[in-house]
Structures are given as structure tokens and as C-alpha cells.
Asker: 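Below are the C-alpha cells for one structure; questions will follow.
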Amino acid sequence: MSTSIQAIRGMHDILPAEADLWEQFETTVRDWLRTYAYLPIRMPLVEPTPLFSRAIGEVTDIVEKEMYSFLDREGGEHLTLRPEGTASCVRAVLQHNLLYDGPKRLWYMGPMFRHERPQKGRTRQFHQVGVEALGFAGPDVDAEQIAMCARLWDDLGLTGIRLEINTLGQSAERAQHRAALIAYFEQHHDQLDAEAQRRLHANPLRLLDSKNPAMQSLIEAAPKLIDFLGAESLKHFDDLQQLLKDAIIPYRINPRLVRGLDYYNLTVFEWVSDELGAQGTVCAGGRYDGLIEQLGGKPAPGCGFAMGIERLLMLWQTQGNSNEPETPDAYLVHQGEDAARFAFRIAERMRDAGFAIQLHCGGGSFKSQMKKADASGAAVALIVGADETLSNEVSVKQLRNTGDEPVAQTRVSFDQLAEHLGELFFPMDDDDGSL
Ligand code: ATP
Ligand code: MG
């Protein structure tokens, strides 16, 4: 016997009960994005590898060790399963010249792939909602994106997600800070771990991101970027904070928030929950004014964020929420060959009228079919036997007792069934039923 094939480690099936929750989440997200006038965009899952090395940066966790890359059969092109969406989104915008008539607000949702060690809140295929505002320079759009997140947590009923913000300044300011950092860490070279020593000259900023406990006090005392910022960068940060205060969105400035991706400048932010263990960041974003030019476009600013859907849904469940899976309106039970054909017609006619019908398939006694009808969660069973088929009628049995009324069974003609179900599902208060 051959062994059965399993899903790849770190890549998970989303089974029906859970998929239902995902759909609820996705519906909430779509409605939310519409209220901020963001437009949807969908990009391929596979892109040329250089897109990511150019956009994200060579000396980053993602590009150094997390990408799923392979050679294409044709032409030997280097391809990569997208590890994030911003690079693809900007590529698409440039390729189709979407900024020709002004700035754009765009969003997408879907799987991302990173070859990292699977653990709670960290998988190799995971899903993000990504939001990008391209062509806007001011702190107003940064603040709007942060306010958007706050509203989504509200819409989802999530609590306790705290906001951390920081500013990365501009590249010239960072260069000064960077030189100061290198000098500082060189002075303390013997206290750096191997990874830090390797990264020190290529990307010293990443040392601040280190999770090595032995290096924390050294990092704490390192030169701070804020001390190297000019008036304009400081104003951007101050204005952002003013807008957040106006919107009554509490935040904490975390000077160590640097983000794993190279292309950020000015604003960076993260939303973090303490209820998820080590993987507590549910959303991360910020400004990337250099990226569009870096990918070959006319210089234009950008600002965006991405949230991890798995982590948000985990938080949603941690906070005691549960979702009721969708149930059909009616379960259709039938017996006999003629009745089966009649049932098929009834099911289609009721779907025409907008009802969700689960047609019994696979035979069995009335009794066993009625058990299945009950288990389906449907509000009513529609029953057709030889009798009903002859008289072109359907028996309607209420499976769930609503209020004080006894569970009822009635017989309705085929032509009147849709109307009858309509009255059952959407009862009118008026005695005469008129509007
Ligand atoms: P981390 O520090 O947790 O590795 P990151 O900086 O690599 O995060 P981003 O690239 O900013 O993450 O992605 C934005 C969000 O996507 C994260 O805040 C997280 O919610 C989610 N995310 C990132 N990587 C994973 C993963 N491997 N599994 C599940 N969710 C993830
Ligand atoms: Mg990561």
C-alpha cells in the first residue's frame, strides 16, 4: 500500500468550518476597504526573483533565507513565490502606468510564502491583507491608514491590539545614523553575535531588530535615529502624531521599531497583541517613498501596511468568539423515482427564488433522510413522496421551533412554495399581509 500524501510542512488546509470564518472576515474586510475608497487589485503569486531582491533588499531575512525560488523550465528564469505583496503591487502599478492620472489607493488579499520555521502564528504559506496608497506624500495618508486599522479591529470586535509607531527619517539622515551605529557597534565588536558581526557593515540597522537577549543592553544604548532627523522629518512625525491624537488613537513610540524590509522611510507602525505569544504582531506597515523609483518608476511616494490573517483569526478565537457555520434554508427529502425528479425541479425553482436548498442525494429511508435534514441545521424540511408528486405539492415541515408555535407541517402547491417559504422566513407584521 502506498503512503498517503500530506500537505507540505507549514502549509495548511482551511477546512469548511474554518473557511466559513475566513469568508466572514473577508466580507468585513471588503466592506471596510470600500468605506475608505480603496480599490482592489490582484497580482500573480509568482514573480521574477529580482523584483524581491531589488524591492526588499539583499540583506534581509526574506531575501537571504525565506524565499521559495526556482528556475523556470523555459529560459531558466529565476522565479519566486511572492513572500509579500508590496513589491508585486508596485510592479503592477508601474507596468500598467496606473499613476498617470494621480495617486491611487489599492488593496489585495491572498497567500504569501516564506520558508521559515513553522510555529504558532508562523507558517510557510500564510495570508495577508495588503493596503497600499501610492503617490501621497503627506502624513495624512499615514494617519488615515492607522485609523483604518483601528476601525477594522472595531468592526471585527477585536480588543487589546496596541499601536507602536516610529519614524525612520530620510535616507541621508539614516546614513548619518548608520555611520554612527557602525562606529558604536565596532567599539563593542566583541559583544556582537555572529549574525550581527556579519550584518554590521551591510545593514547595521538590522542589529537593532536582533532578538538575542545578550545584546539587548548594547542595543538599548546605541545611537538613536531621532537625534539625526532634520526639521522636515520631525514635522512629518509630529503631524502624524497630532492626527492620531485628534482621532483618539492611543500609540506608543518605539524607537526600536525598524521593520524587516529595507524600503521603508519616515513612518513605520505595528499593531501588536499580547494574547498571541511570541508572534504577536498582527499588522505592520509604513512609508516607502523610495520604492517606486527603485523599481524603475518615476519617483513617487508610497505608504502601506499588511496584516496577517491567520494571526487575526487566532486572536478573534482567543477572545472567545465563535462563528455559526452557514446552514441551508431547507433540506429536501424525497422517495421514489418520480419524486426524485420532482425534487430536483423543486430545488432549482427554490434557488431561483433565492433560497439555499440542500437536496438529499444518495437514497435511504424517509426516516434516515429526516435525520440528515435535522442535522443539516436547516429551518425546514421539504418532503416529497409519491403522494405529493401526484398532486404537484410539497410538504413543508418546520424543523426548528420558533417562539411558542408548535412545530408545524403543511402541504403547499409547487407554484405557491416560494411564496410560502418567503412568509416563513420573512414573516410580515400586518394581518392582511399587505405592504
Ligand atoms: P515577523 O517579525 O513576525 O517575522 P515580519 O516583519 O516578517 O514579521 P511583515 O513582512 O511585516 O512581517 O508581514 C506583515 C504581517 O504578516 C506580520 O505582522 C504578520 O502578522 C504576518 N506574517 C508575516 N510572516 C508570517 C508567517 N510566516 N506566518 C504567519 N503570518 C505572518
Ligand atoms: Mg518575518
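No experiment lies behind these values; they were computed from the predicted model shown.
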Asker: So, does N166 use its side chain to make a donor-acceptor pair with the main chain of V268 at under 3.5 Å?
Answerer: no
Asker: Listing request: all salt bridge (charged side-chain N to carboxylate O under 4.0 Å, His left out) pairs with a residue in residues 275-285, at least two apart in sequence or in separate chains.
Answerer: none
Asker: Indicate yes or no: at least one non-hydrogen side-chain atom of T267 is less than 4.5 angstrom from one of I165.
Answerer: no
Asker: Is it true that a side-chain atom of R311 and a backbone atom of G121 form a donor plus acceptor pair closer than 3.5 Å?
Answerer: yes
Asker: With distance as the sole criterion, is a donor-acceptor pair present between the side chains of Q216 and R256 under 3.5 Å?
Answerer: yes
Asker: Pairing donors with acceptors under 3.5 angstrom, does anything connect the side chains of E132 and Y288?
Answerer: yes
Asker: Which pairs, with at least one residue in residues 3-20 and sequence neighbours excluded, count as a salt bridge (charged side-chain N to carboxylate O under 4.0 Å, His left out)?
Answerer: none
Asker: Which pairs count as salt bridge (charged side-chain N to carboxylate O under 4.0 Å, His left out) when at least one residue sits in residues 32-51, sequence neighbours excluded?
Answerer: D31-R34, E47-R91
Asker: Can you confirm whether the side chains of S376 and Q358 place a donor and an acceptor under 3.5 Å from each other?
Answerer: no
Asker: Quick test of your reading of the model: are K65 and D61 salt-bridged, counting only N-O distances below 4.0 Å?
Answerer: yes
Asker: How would you list, by chain and number, every residue that makes a side chain to side chain contact (heavy atoms under 4.5 Å, CB included) with D190, sequence neighbours excluded?
Answerer: none
Asker: Check whether any side-chain heavy atom of Q170 sits under 4.5 Å from a side-chain heavy atom of S233, and report yes or no.
Answerer: yes
Asker: Is any side-chain heavy atom of M67 less than 4.5 Å from a side-chain heavy atom of L81?
Answerer: no
Asker: Are E164 and R162 close enough for a salt bridge, meaning some N to O gap below 4.0 Å?
Answerer: yes
Asker: Taking atom types as modelled, is there a side-chain donor on D72 or H78 under 3.5 Å from an acceptor on the other?
Answerer: no
Asker: Using ring-ring contact (aromatic ring centres under 6.0 Å, His included) as the criterion, list what pairs up with H188, not counting sequence neighbours.
Answerer: Y184
Asker: Side chain of Q197, backbone of L200: donor and acceptor closer than 3.5 Å?
Answerer: no
Asker: Holding to ring-ring contact (aromatic ring centres under 6.0 Å, His included), I want the full list of residues that pass it with H12, two or more places apart in sequence or in another chain.
Answerer: none
Asker: One thing to verify: whether R151 and E144 come together as a salt bridge, which I'm taking to mean a side-chain N less than 4.0 angstrom from a carboxylate O.
Answerer: no
Asker: Sub-3.5 Å donor-acceptor pair from the side chain of E310 to the main-chain atoms of H127, do we have one?
Answerer: yes
Asker: Enumerate donor-acceptor pairs with a distance under 3.5 Å from any side-chain N or O in residues 225-232 to protein atoms, sequence neighbours excluded.
Answerer:
none

Asker: Run the ring-ring contact (aromatic ring centres under 6.0 Å, His included) test against F355 and tell me which residues pass, sequence neighbours left out.
Answerer: F425
Asker: Scan residues 92-121 for pairs that pass ring pair (Phe, Tyr, Trp, His ring centres under 6.0 Å), counting only residues two or more places apart or in two chains.
Answerer: Y68-H115
Asker: Taking C-beta and beyond as the side chain, do I161 and L158 meet within less than 4.5 Å on heavy atoms?
Answerer: yes
Asker: Once you round to the nearest 0.5 Å, how far does CG of L181 lie from CG of L208?
Answerer: 5.5 Å
Asker: Can you list every pair that meets salt bridge (charged side-chain N to carboxylate O under 4.0 Å, His left out) and has a residue in residues 237-249, with sequence neighbours left out?
Answerer: K235-D239
Asker: Under the ring-ring contact (aromatic ring centres under 6.0 Å, His included) rule, collect the residues that match up with W316, sequence neighbours excluded.
Answerer: none
Asker: Is the closest side-chain heavy-atom distance between I292 and K298 below 4.5 Å?
Answerer: no
Asker: Does T28 reach the side chain of E23, with side-chain heavy atoms less than 4.5 Å apart?
Answerer: no
Asker: Can you list the residues that meet the side chain to side chain contact (heavy atoms under 4.5 Å, CB included) rule with S53, with sequence neighbours excluded?
Answerer: P50, E58, V63
